[in-house]
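Counting convention: from 1, in listed order, for ligands and their atoms alike.
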Amino acid sequence: MSASGARDGASLLESLRAAMPPGVLLEDEAAAAPLLADHRHLYQGRALAIALPRSTAEVATLLAWCNERRIGVVPQGGNTGYCGGATPDESGMQLLVGLQRMRQVRAVDAANFSLTVEAGCTLAEVQQAAVAADRFFPLELGSAGSCQIGGNLATNAGGLNVLRFGMARALTLGVEAVLADGSVCSHLRALRKDNTGYDLVSLLVGSEGTLGIITAATLRLWPRLRATATAFVAVPDVAAAVALLARLRVAAGERVNSFELLPRSALELALRHIEGLADPLAAAHGWYVLCELSSFTEEPLADLLGQALGDALAAGLATDAALAANERQRAQLWRLRENVPEAQRRAGPSLKHDISVPIAALPGFVAEASAWVRAHVPAGMLVAYGHAGDGNLHFNISFPQETAAGQLAREEPVIRRAIHDLVAAHGGSFSAEHGIGRLKVGELERYAPPGTLAMMRAIKNALDPHGIMNPGKVLAAGGQGGETPGGH
Ligand code: FAD
Ligand code: 2HG
Ligand code: ZN
């Protein structure tokens, strides 16, 4: 059928069924339903069909079929993303392509400290494959059990170990991807040095399904960690947290693995909504840091951390601290932190702002943005927490369960604008680690330098001239900006 041929869903579906081997299309409506809404329930989409390919060749056939007919394609991994990037639009004319059946570990090369996996492996499966080879894959997110490595690369995910190991892009040596026309771009080289022209791997990582579908990746591994030391520290304010981070880095160098900031409101949400958690400290404090040192060799890290924290207490940069005495206590401290998003979801609707500023600007930004929220959003509770070691905070605002969706929708654009303008004034980013998706298309148009946007559009047009790859995500389709409603 040509591009100008019949466009009705039924005949397209019939043609797609005929083009694909049996079993590729998901025809079970109950199994399909959760794939058509995003994790936060910001968007509810419809799809022409849902395809669950089993091989790169099947992905290539699907994309060639769509490209010929100008059918939009929405790649989906574990569907844990926060920006609605993996949800089809409301037209019912886009093809959703889920990668969950492509989950082979293709190769583990312990000597080269690398492994090659298919995109549909969950992050937890990739971590386990590394451990089985006595190696360590450092990407760590609260969603590790359900997000997929293809989704992690497509969003250039950050998480809890960025301070030491970098974001997903820094952990990637090679990718295999299928481009819009169905051609396979195979860059699965396990090389640390490869200076042969444009960096296509870096381009595909972070492209959120708008340039192609990642089908496999070659990832960097490290030796297994042999020692960790973890502490939950009360700090007087954000400035003290920033000063504590600098002291730790001077004292422990690259061993500083994680440095997460939590306000009392985040701790209370976790204690109230998640079973089996306890406050690690006797008294309540305004702010906390969860910090961790790690080493590839057996080192007395608890002594190093204890000494650094003792100095910080003496200098007034900390007011109390609990050091994990064993692996069980360490896991409990991390449960507190990793469950904050789930606790916030259970508490009611929220507005999320995934921002970053230079680390030294964190105290000023938090003071100004918090003052604005207190003055203008009396019904909201600030829950500004996250990866302070990377200058990245989830500057979130929780609302009571009974808040009407209409009220949030009315207030959200004003709140977003105020916070993101403050972020820009502090030299920061309105999307530190979650990407753009559909949610932040309008923000990218507003804050990206015009030259940057023009270059992104030129790349998009060159690789996907018919605009079939994840239309309306990252870059506006047909001049529409994104909208940012509130969700859980
Ligand atoms: P999806 O949500 O399915 O898709 C995300 C985007 O990638 C979409 O645009 C989609 O089209 C595209 N995509 C997916 N797979 C492919 C593919 N194979 N090829 C091309 N495009 C593809 N994120 C962080 O960065 N840091 C965190 O600390 C963090 N913590 C989280 C904690 C919780 C509890 C939850 C629920 C989420 C968290 N996230 C975090 C967000 C989310 O888990 C990440 O963005 C993750 O990388 C998304 O992976 P996914 O497989 O679920 O992708
Ligand atoms: C995290 O750091 C995630 O836990 C969730 O990125 C962020 O709740 C959020 O906004
Ligand atoms: Zn985060």
**Study point:** Arg70 (side chain) donor-acceptor with Cys66 (main chain) under 3.5 angstrom
**Key:** no

Practice item. Look at the side chain of Ser429 and the backbone N and O of Ser431, then say whether any donor-acceptor pair between them is shorter than 3.5 Å. Key: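 Flag set: sc Ser429 to bb Ser431 pair under 3.5 Å.
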
Which residue and atom name correspond to the protein heavy atom nearest [atom], and how close is it?
| atom | answer |
| --- | --- |
| atom 26 (N) of ligand 1 | Glu433 OE1, 3.0 Å |
| atom 22 (C) of ligand 1 | Ala154 CB, 3.3 Å |
| atom 36 (C) of ligand 1 | His39 NE2, 3.3 Å |
| atom 35 (C) of ligand 1 | Tyr82 OH, 3.4 Å |
| atom 46 (C) of ligand 1 | Asn152 ND2, 3.5 Å |
| atom 50 (P) of ligand 1 | Gly78 N, 3.4 Å |
| atom 8 (C) of ligand 1 | Gly85 C, 3.4 Å |
| atom 28 (O) of ligand 1 | Gly159 CA, 3.3 Å |

Residue portion contacting ligand 1 (non-hydrogen atoms closer than 4.0 Å) for [X]:
| X | answer |
| --- | --- |
| Leu153 | neither |
| Ile214 | both |
| His434 | side chain |

I'd like to check which ligand 1 atoms, numbered from 1 as shown, lie under 4.0 Å from a non-hydrogen atom of [X].
| X | answer |
| --- | --- |
| Leu99 | 18 (N) |
| Thr80 | 2 (O), 36 (C), 37 (C), 41 (C), 42 (C), 43 (O), 46 (C), 48 (C), 49 (O), 50 (P), 52 (O) |
| Asn470 | 9 (O), 11 (O) |
| Ala157 | 25 (O), 47 (O) |
| His387 | 28 (O) |
| Gly209 | 20 (C), 21 (N) |

Review point. According to the interplanar angle, ranging from 0 to 90°, do the rings of His426 and Phe365 count as parallel (below 30°), tilted (30 to 60°) or perpendicular (above 60°)?
Key: perpendicular

**Study point:** Aromatic contact, Phe165 with Phe136 (centres under 6.0 Å)
**Key:** yes

Side chains of [X] and [Y]: do they bring a donor and an acceptor to under 3.5 Å?
| X | Y | result |
| --- | --- | --- |
| Asn257 | Ser294 | yes |
| Thr218 | Ser114 | no |
| Glu292 | Thr228 | no |
| His394 | Glu433 | yes |
| Glu208 | Asn470 | no |

Check your understanding: For atom 25 (O) of ligand 1, which of Ala432, Gly158, Ala144 has the closest heavy atom?
Key -> Gly158

[X] near ligand 1 by a heavy-atom separation under 4.0 Å:
| X | value |
| --- | --- |
| Met167 | no |
| Lys473 | no |
| Gly212 | yes |
| Glu342 | no |
| Val74 | no |

Practice item. Around the Zn ion (ligand 3), list the protein N/O/S atoms within a radius below 2.8 Å, excluding water molecules. Key: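 Near the Zn ion (ligand 3), below 2.8 Å, one finds His387 NE2, His394 NE2, Glu433 OE2.
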
Check your understanding: Sequence neighbours excluded, which residues qualify as ring-ring contact (aromatic ring centres under 6.0 Å, His included) partners of Phe232?
Key -> Tyr288

Residues [X] and [Y] bridged, charged N to O under 4.0 Å:
| X | Y | value |
| --- | --- | --- |
| Arg103 | Glu118 | no |
| Asp421 | Arg446 | yes |
| Glu275 | Arg346 | yes |
| Arg438 | Glu90 | yes |
| Glu176 | Arg106 | yes |
| Glu443 | Arg417 | yes |
| Arg345 | Glu342 | yes |

**Study point:** Qualifying residues under salt bridge (Lys or Arg N to Asp or Glu O under 4.0 Å), relative to Glu58, sequence neighbours excluded
**Key:** Arg54

Check your understanding: Where is the tightest heavy-atom contact between Ser398 and Val383, given as atom of each residue plus distance?
Key ->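 For Ser398 and Val383, the tightest heavy-atom pair comes out as OG-CG2, 4.1 Å.
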
Check your understanding: Any cation-pi pair here, Lys352 with Tyr82, using under 6.0 Å and within 45°?
Key -> yes

Review point. Hey, which residues fall under 4.0 Å of ligand 2 on heavy atoms?
Key: Tyr82, Arg337, Pro341, Lys352, Tyr385, His387, His394, Asn396, Glu433, His434

